[in-house]
Amino acid sequence: MALTPSSAFTFKTSAFQVPPASNTPYTLLQTHPSLSLLSKCKNMETFKQIHSQFIKLGLHNNPFWLSKLVEFCAVSPFGDLEYALLIFNTIENPSEILWNILIRGYALSSNPELALEIYIKMVSLGNFPNSYSFPFLFKSCSKLMAAQIGKQVHGCVLKLGLESDVYIHTSIITMYAQIGQLGYARQVFDKSCLRDAVSFTALISGYVSRGCLDEARKLFDEIPVRDVVSWNAMISGYSEAGQFEEALNLFEKMGKVKVTPNESTLLSVLSACAHLGALELGKRVASWISDRGLGSNLFLANALIDMYAKCGEIDTARSLFDGIEVKNIVSWNVMIGGYTHGSKYREALAVFRQMQLEYVEPNDVTFLNILPACAHLGALDLGKWIHAYVNKYYYGLQNSSLWTSLIDMYAKCGSIEAAKQVFNGLEIKSLPSWNVMISGLAMHGDAHGAIDLFSKLVEEGIKPDDITFVGVLSACGHGGLVELGRRYFSSMVQDYSVPPKLTHYGCMIDLLGRAGLFDDAKALVETMDMEPDGAIWGSLLGACRIHKNLELGEYAASRLFKLEYNNHGAYVLLSNIYAGAGRWNDVARIRTMLNDNGLKKVPGCTSIEVDSVVHEFLVSDRTHPQGQDIYKMLDEIDRLLEMAGHVPDTSEVHYDMDEEWKEGILSQHSEKLAIAFGLISTKPGTTLRIVKNLRVCSNCHAATKLISKIFNREIIARDRNRFHHFKDGFCSCMDYW
DNA sequence: ATAGGGTTAG
């Protein structure tokens with residue numbers, strides 16, 4: 001029968017009579033070998049053996065040993081509270097110490113309300129609480145977030161005149177601080193003259209957890225003697241609030257006053273270094289750690305891996321990772337996250353696969369780290385597997401960012417319908433989930449879908465943020481909805497008080513430029529209250545190429561080169577503009593500039609997932625094991641395209657002066673290779689999904705439209721900018737991109 | 001003999 005306190009407190013003690021305390025001197029007890037026996041005990045089986053041993057030796061009649069036995073059951077992580085109660089119930093007149101131990105056990109348990117029940121029982125049986133009882137009671141109140149009861153217990157303390165006990169005093173402050181009653185915590189603190197580092201820190205932690213860092217800092221500066229816990233409270237407070245510079249400043253100060261950091265300090269500091277990319281400090285901390293032989297501390301090792309990866313030293317991170325003999329889930333997660341963070345998506349996937357081979361169970365953080373890699377690579381099968389896994393093992397999971405990541409993954413893998421399904425299935429839709437859904441629709445060229453969703457969001461009374469408007473404005477841009485775009489742009493500030501950032505200006509300039517409204521685009525650039533960045537000049541330049549605007553194109557390019565002298569794509573665009581205007585001398589001049597600056601073309605690269613494996617193709621790639629079959633298919637495609645009347649448009653190849661390379665370059669663009677591979681390695685009618693690192697060229701776009709018709713395949717292509725759904729000879733972008 | 005401040009990644 002499971003004993004509950006209420007049923008247990010029947011005090012059926014007739015079976016045992018506890019004799020009076022023995023006269024064994026205390027000093028003898030302290031060194032008794034049985035004490036180390038108990039402290040080494042790791043499970044109840046062993047405990048029961050020790051218990052019966054104690055009974056044989058007659059030690060159980062001694063109050064000291066009795067308390068040790070109950071204490072083990074009540075508070076050891078290997079103990080058993082019900083068993084503690086069982087022993088307790090055999091004792092006729094339990095001492096206050098035993099009552100307190102039991103209260104402590106329940107206060108630490110998952111049912112802290114029982115600690116309060118036992119306290120009431122204790123008092124109702126005529127026992128008085130002492131100064132030891134109250135810290136346990138306050139701990140229970142904190143865990144229960146029970147402000148009312150906490151105040152009653154506080155009243156009790158005052159009645160008994162125990163408020164000046166330093167332990168009780170601190171536990172009252174801690175309790176009020178942890179249940180969010182900072183005013184009370186402050187009053188207790190201010191009224192008393194008991195102000196040591198501990199009570200200061202208790203209050204500081206309260207302020208920190210409510211985000212009142214300035215208030216916390218004021219107190220921190222007043223502490224007469226700060227110990228390492230005080231420093232940690234403040235440093236980790238800054239770090240968790242995103243004030244990483246402040247965290248590191250404080251850490252430097254801590255070193256100057258010669259307080260030795262401990263594990264917590266180092267973890268906070270490494271996290272701040274990771275966020276700031278502060279590699280130098282990170283390395284100093286790393287050598288400090290290894291100098292003290294702390295390198296094998298798993299928490300620190302994981303934090304170091306994270307720091308190195310986020311600071312760009314991914315190989316150092318990897319060798320640390322490989323050096324850990326017994327990794328935990330965090331080790332795997334930070335390594336995967338490090339690769340994702342550094343855009344090394346294939347490596348992220350490889351570590352994930354390794355993790356599965358070693359039978360390590362992934363968790364939600366693993367998925368949060370691996371999903372962006374799936375999204376970037378278009379690894380839809382793995383993404384789907386993760387979705388199924390989450391549904392199976394994390395059903396009802398509250399981690400809303402995981403759902404947001406899944407929506408984003410589906411959208412970026414070209415499965416906008418699946419993205420919608422996940423989104424619609426969400427009971428609670430966080431703003432980020434709305435945002436990824438809106439930009440997902442925008443990416444897929446469903447401008448009206450995105451705008452409708454935005455209206456729904458507003459109807460639900462949710463306040464959109466700057467990211468929402470990036471989605472809305474880019475939807476308008478992809479759809480060529482100029483007037484609507486203008487309206488949303490002005491509505492941002494007016495109706496939602498979201499001031500436009502550079503990206504919003506970028507969306508608008510792209511929208512206006514692509515619609516050929518150069519005067520408006522120029523006017524917007526000139527009236528902006530911030531300096532235009534490369535992306536803005538780049539999209540203006542791109543628009544100038546589409547609309548053959550030589551003059552503005554030259555200007556935009558000159559501005560862009562001042563910011564990004566090595567932007568190869570920009571030289572190409574400008575060269576295309578010159579070529580379109582027949583200005584061959586200028587084309588040649590650009591060619592020379594490229595050579596002089598040693599700029600290499602970013603190779604076009606397209607990936608396609610077949611049978612859960614992501615295959616990558618570069619321009620004119622001949623490295624694929626099925627290369628021969630692919631090129632055979634490519635010839636077949638070109639033959640059928642020609643028959644269908646497709647004439648390659650060579651106006652965009654002029655920038656490429658390499659004549660022999662130019663030959664056939666169009667038909668060997670990476671997306672065509674990927675499509676050819678997709679056609680030969682999937683069943684007829686299967687949708688092909690491809691991901692390209694650059695923007696699709698107009699040639700491939702025209703060709704892909706025809707391929708979709710000739711081979712009766714839906715082809716979903718993601719380029720640098722957006723999705724194109726090719727079907728039946730048409731593209732969802734309506735040739736506006 | 002039982003008591004106070006903080007545990008870790010995104």
Side-chain angles (χ1 to χ4, degrees), chain A residues 21 26 29-30 35 62-71 74-75 94-105 107 129-139 142 162 165-175 177-178 185 189 194 196-206 208-209 223 226-237 239-240 262-271 274-275 297-307 309-310 328-338 340-341 363-372 399 401-402 404-405:
Chain A
Y26 176 51
L29 291 172
Q30 271 187 318
L35 206 56
N62 175 292
F64 172 83
W65 290 111
L66 205 50
S67 75
K68 286 294 162 202
L69 289 170
V70 176
E71 189 190 4
V75 300
S95 63
E96 269 111 1
I97 294 168
L98 280 170
W99 281 104
N100 285 343
I101 288 171
L102 208 57
I103 292 172
R104 177 185 176 206
N130 60 19
S131 65
Y132 286 82
S133 320
F134 289 103
F136 306 137
L137 296 176
F138 288 123
K139 175 144 244 142
S142 304
L162 291 171
D165 179 286
V166 64
Y167 291 98
I168 294 180
H169 175 249
T170 314
S171 59
I172 294 171
I173 295 170
T174 307
M175 184 265 297
Q178 287 180 353
F189 179 82
L194 298 168
D196 57 3
V198 182
S199 58
F200 263 106
T201 309
L203 190 56
I204 287 170
S205 302
V208 163
S209 66
I223 307 179
R226 288 172 274 268
D227 62 11
V228 67
V229 183
S230 321
W231 285 96
N232 287 349
M234 209 58 232
I235 292 173
S236 73
S239 189
E240 268 155 43
N262 65 11
E263 190 192 69
S264 305
T265 327
L266 299 169
L267 290 172
S268 299
V269 168
L270 286 172
S271 158
H275 282 274
N297 177 319
L298 191 53
F299 282 120
L300 290 174
N302 290 342
L304 282 171
I305 293 170
D306 190 46
M307 181 276 293
K310 298 272 167 65
N328 68 1
I329 182 71
V330 179
S331 321
W332 292 94
N333 289 349
V334 291
M335 198 61 238
I336 294 172
T340 306
H341 179 84
N363 66 8
D364 52 340
V365 179
T366 320
F367 296 141
L368 231 35
N369 286 334
I370 199 79
L371 280 170
N399 189 341
S401 40
L402 186 50
T404 303
S405 283

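Order of the sequence lines sets the chain letters (A, B, ...), proteins ahead of strands, with each chain counted from 1. Basis for what follows: all heavy atoms, side chains included, without hydrogens, waters or symmetry-related copies.
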Nearest to the side chain of [X] - [options]?
X	options	value
A:V198	B:dT2, B:dG5, B:dA9	B:dG5
A:Y132	B:dT2, B:dG4, B:dA9	B:dT2
A:K68	B:dA3, B:dT8, B:dT2	B:dT2
A:R104	B:dG10, B:dA3, B:dG4	B:dA3
A:T170	B:dG5, B:dG10, B:dT7	B:dG5
A:I101	B:dA3, B:dG10, B:dT2	B:dT2
A:L267	B:dT7, B:dT8, B:dG5	B:dT8
A:N363	B:dG5, B:dA3, B:dA9	B:dA9
A:V334	B:dA3, B:dG6, B:dA9	B:dA9
A:A202	B:dG5, B:dG10, B:dA9	B:dG5

Does [X] get its side chain close enough to the base of [N], under 3.5 Å, for a donor-acceptor pair?
X	N	answer
A:D196	B:dG5	no
A:T174	B:dG4	no
A:N333	B:dG10	no
A:T201	B:dG5	yes

Touch check for [X], heavy atoms < 4.0 angstrom, all strands: base, sugar-phosphate only, or nothing?
X	value
A:S271	nothing
A:A74	nothing
A:Q178	sugar-phosphate
A:N297	nothing
A:F136	sugar-phosphate
A:S331	nothing
A:S205	sugar-phosphate

Regarding A:N333 and A:N302, do their side chains bring together a donor and an acceptor under 3.5 Å, going by distance alone? no
Once rounded to the nearest 0.5 Å, what's the spacing between atom OH of A:Y132 and atom CD1 of A:I168? 10.5 Å
Interatomic distance, CD1@A:I103 vs CG@A:L98, rounded to 0.5 Å, equals 11.0 Å
Return the value, rounded to whole Å, for the distance between atom [atom1] of [X] and atom [atom2] of [N].
X	N	atom1	atom2	value
A:I329	B:dA9	CD1	P	14 Å
A:E71	B:dA3	CD	C1'	12 Å
A:D364	B:dA9	CG	C1'	11 Å

Would you mind reporting whether A:D306 and A:L270 have side-chain heavy atoms less than 4.5 Å apart?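 The answer is no; the side chains never approach within 4.5 Å.
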